[in-house]
Amino acid sequence: MRTQVGIIGAGPAGLLLSHLLARVGIDSVVLETRSRPYCEARQRAGVLEDGSVRLLREVGLAERLDAEGLEHGGIYLQFAGERHHIDFRDLAGGRTVTVYAQTEVVKDLIARRIADGGKIEFEVTDTAVSGIDSDRPRLSYTGADGARHTLECDVIAGCDGFHGISRRAIPARLCEINERDYPYAWLGILAAVPPSTDELIYCHHRDGFALHSLRTPQISRLYLQVSSQEKIEDWPDDRIWEALGHRFALPGWELREGPVLEKGITPMRSFVSSPMRYGNLYLAGDAAHIVPPTGAKGLNLAIADVSVLADALEALLLAGDARLADAYSATCLNRVWRSTHFSWWMTTMLHRTPGADDMEFALQESQLRYVTTSRAAATTLAENYVGYPPLR
Ligand code: APR
Ligand code: PHB
């Protein structure tokens, strides 16, 4: 079998790439280890940058996003018993973000690829890449039918997330890895209760960070900083609500509680592997980089990578022009490092490091005071949060 672009992974990166390529007449096949229902149910992030929304709109993928997404013109930063609004519209030239769950983006992408006749093979096993340093790279896999298949490609896109196989196909001696594990985790819940706030609340507290996010006008998403060793069994719902209520407490404001629909603990990590290309293998999204969730950047980086990659492959495969493809890694890494820095900055400004002294707390409060009183500092936060450099 032959295809122009073999894509490993049906997350947002792989699916969107396949759609962008199809729009310019480039054929691709997407291979995915999980089932379609699994991919569509996985709970992930939920904030789209301004440029991500524009891109999805431009390429005809925003029908449900425009109907159901919730546009947000800012966030609250809470510290020292005060809640301050950061106004993105004012500070970032009218730009905003949109709350629309990654799982909904994935549903929209899968439905659209299938409606357009796109090829997605779910439930494959033993995906392997070969010949990436030749002009005939190959993808082999065992299909859901149990038969072994080989796909001959012009290029391969590794969109298989952090635990995928594609990054490891690049010779280790050529990879530069930068990695940091944070000594804490997020306990996240999805709750059937209307959000108690009109904008997301990022809260600094002696007990640790807390975040109030949302999914719909009826569903809230909340997070608590917990230790990396914490077990979800030790957090019955009452204990979670009590900790959330305590950290968000503000006179005259109340946190509404409701049934917990889902809960889980996510570790926090920064990871960047470069270069993002080796021969005819291009990495995109979590396969090449991970950010801690505090800046809401993971999904947006995946979207930005494949937007750059689709343009590069269009020039390469349709016009024989390799300039954008040669620049792919450097172009993406510029944004990746900006987002990595922003996510690290938000994370370390808002979380309590286990065992840290009072100095850390005082420095964090001073930084939060600066961000909420200086227009220059608030602008830095706002333009990074809505997406810098602008994608569209
Ligand atoms: N073969 C085929 N598919 C694979 C393989 C493999 N060997 N290994 C992993 N996969 C699939 C996974 O099952 C997953 O569906 O690749 C997909 C990768 O998707 P994501 O993890 O969602 O990664 P990406 O598309 O880069 O999106 C990044 O996801 O983790 C969040 O915060 C992150 O929001 C960001 C987004
Ligand atoms: C989420 O809604 O899941 C979310 C929002 C903002 C973040 C991280 C996660 O910074």
Side-chain angles (χ1 to χ4, degrees), residues 6-18 29-36 38-49 52 70 72 75 97-103 105-106 109-110 120-129 139-143 156-169 186 188-190 195 199-203 209-216 219-223 262 264 266-269 271 276 283-306 309 339 342-343 346-347 350 385:
I7 301 177
I8 317 175
L15 292 164
L16 179 58
L17 178 63
S18 172
V29 175
V30 180
L31 302 181
E32 168 59 50
T33 45
R34 303 286 190 170
S35 67
R36 179 177 177 181
Y38 183 95
C39 292
E40 292 184 337
R42 206 164 23 191
Q43 281 303 323
R44 292 277 182 81
V47 177
L48 290 170
E49 289 174 2
S52 301
L70 304 167
H72 281 233
I75 57 167
V97 294
T98 299
V99 173
Y100 188 65
Q102 177 169 326
T103 173
V105 174
V106 166
L109 282 165
I110 293 177
I120 313 176
E121 300 251 5
F122 290 101
E123 299 180 74
V124 306
T125 50
D126 299 319
T127 320
V129 300
L139 264 181
S140 43
Y141 62 98
T142 304
I156 293 176
C159 305
D160 47 350
F162 183 66
H163 300 287
I165 50 131
S166 56
R167 186 177 63 249
R168 277 168 266 155
W186 276 15
I189 62 166
L190 197 64
E199 305 273 34
L200 272 62
I201 309 169
Y202 288 79
C203 176
F209 171 71
L211 171 63
H212 192 327
S213 182
L214 56 141
R215 285 291 175 266
T216 69
I219 306 277
S220 298
R221 178 91 172 135
L222 297 115
Y223 299 96
E262 261 193 61
T266 324
M268 312 227 339
R269 172 186 293 132
F271 176 91
M276 288 171 59
L283 302 181
D286 277 16
H289 42 72
I290 298 272
V291 287
T294 324
K297 290 293 165 207
L299 171 58
N300 295 292
L301 278 181
I303 291 174
D305 285 352
V306 296
L309 185 53
S339 292
F342 178 65
S343 308
M346 287 284 280
T347 300
L350 288 161
Y385 201 102

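Note that ligands are numbered from 1 as they come in the structure, with each ligand's atoms numbered from 1 the same way. Keep in mind that the numbers below use all heavy atoms, side chains included, and drop hydrogens, waters and symmetry copies.
Residue-level proximity to ligand 1 for Pro293 is absent, since no heavy atom of it falls below 4.0 angstrom. Residue contacts with ligand 2, taken as heavy atom pairs separated by less than 4.0 Å, involve Leu211 solely via side-chain atoms from C-beta onward. Residue-level proximity to ligand 2 for Tyr100 is absent, since no heavy atom of it falls below 4.0 angstrom. Looking at Leu31 against ligand 1, only its backbone comes within 4.0 Å, counting heavy atoms.
Checking side-chain atoms of Asp160 against main-chain N and O of Ile165 turns up a donor-acceptor pair under 3.5 Å. Formation of a donor-acceptor pair under 3.5 Å by the Ser343 side chain with backbone atoms of Ser339 is found in this model.
Distances between N or O atoms of Ile8 and those of ligand 1 include no value under 3.5 Å. Residue-to-ligand polar distances place Leu299 within reach of ligand 1: an N/O pair is separated by less than 3.5 Å. For a threshold of 3.5 Å applied to N or O pairs, the pair formed by Ala287 and ligand 1 contains no separation below that value. Between Tyr385 and ligand 2, no pair of N/O atoms sits closer than 3.5 Å.
Classified by interplanar angle (parallel below 30°, tilted 30° to 60°, perpendicular above 60°), the ring pair Phe342/Tyr385 is perpendicular. By the 30° and 60° cut-offs, the orientation of the rings of Phe271 relative to Phe162 is perpendicular.
With hydrogens left out, the protein atom closest to atom 3 (N) of ligand 1 is Thr33 N, 3.4 Å, a heavy atom. Atom 18 (C) of ligand 1 has Cys159 O, 3.4 Å as its closest protein atom, hydrogens excluded (heavy atom only). Taking atom 3 (O) of ligand 2 as the reference point, the nearest protein heavy-atom neighbour is Tyr223 OH, 2.5 Å. Of the protein's non-hydrogen atoms, Ser213 OG, 2.6 Å is the one closest to atom 2 (O) of ligand 2. Nearest protein heavy-atom contact of atom 27 (O) of ligand 1 is Pro12 CD, 3.5 Å. Ranking the protein heavy atoms by distance from atom 6 (C) of ligand 2 puts Tyr202 OH, 3.3 Å first.
When the options Leu17, Asp286, Leu109 are ranked by their closest heavy atom to atom 33 (C) of ligand 1, first place goes to Asp286. Nearest-heavy-atom check against atom 20 (P) of ligand 1 across Arg44, His289, Glu123 picks out Arg44. The nearest non-hydrogen atom to atom 8 (C) of ligand 2, considering only Ala101, Pro293, Ala45, comes from Pro293. Among His163, Gln102, Glu32, the residue whose heavy atom lies closest to atom 13 (O) of ligand 1 is Glu32.
For ligand 2, the atoms lying closer than 4.0 Å to a non-hydrogen atom of Leu200 are 5 (C), 6 (C). Near Gly9, the atoms of ligand 1 lying under 4.0 angstrom from a non-hydrogen atom of the residue are 3 (N), 11 (C), 16 (O), 17 (C). Close approach to Arg34 involves these atoms of ligand 1, each under 4.0 Å from a residue heavy atom: 13 (O). Under a 4.0 Å criterion applied to the non-hydrogen atoms of Gly285, ligand 1 contributes the atoms 26 (O). Atoms of ligand 2 lying under 4.0 Å from at least one heavy atom of Val47, given by number and element, are 5 (C), 6 (C). Interface of Gly164 with ligand 1, defined as ligand atoms under 4.0 Å from a residue heavy atom, comprises 8 (N). Close contacts of ligand 1 with Gly11, meaning ligand atoms under 4.0 Å from a residue heavy atom, involve 17 (C), 19 (O), 22 (O), 25 (O). Numbered from 1 in the order shown, with element, the atoms of ligand 1 that lie under 4.0 Å from a heavy atom of Asp160 read 4 (C), 5 (C), 8 (N), 9 (C), 10 (N), 16 (O), 18 (C). Which parts of ligand 2 touch Trp186 is read off a 4.0 Å heavy-atom cut-off, strictly below it: atoms 8 (C).
The CD atom of Gln102 sits 9.5 Å away from the CD atom of Gln43 when rounded to the nearest 0.5 Å. Between the OG atom in Ser213 and the CG atom in Leu222 there is a gap of 8.0 Å [rounded to 0.5 Å]. Atom-to-atom distance recorded for Ile290:CD1 and His163:NE2 is 7.0 Å, nearest 0.5 angstrom. Taking CD of Glu49 as the start and NZ of Lys297 as the end, the distance is 3.5 Å to the nearest 0.5 Å.
The shortest side-chain heavy-atom distance between Cys39 and Phe122 falls under the 4.5 Å cut-off.
The shortest heavy-atom contact between Val29 and Glu121 is CG1-CG, 4.4 Å.
Using a 4.0 Å cutoff on heavy atoms, Arg215 counts as a contact of ligand 2.
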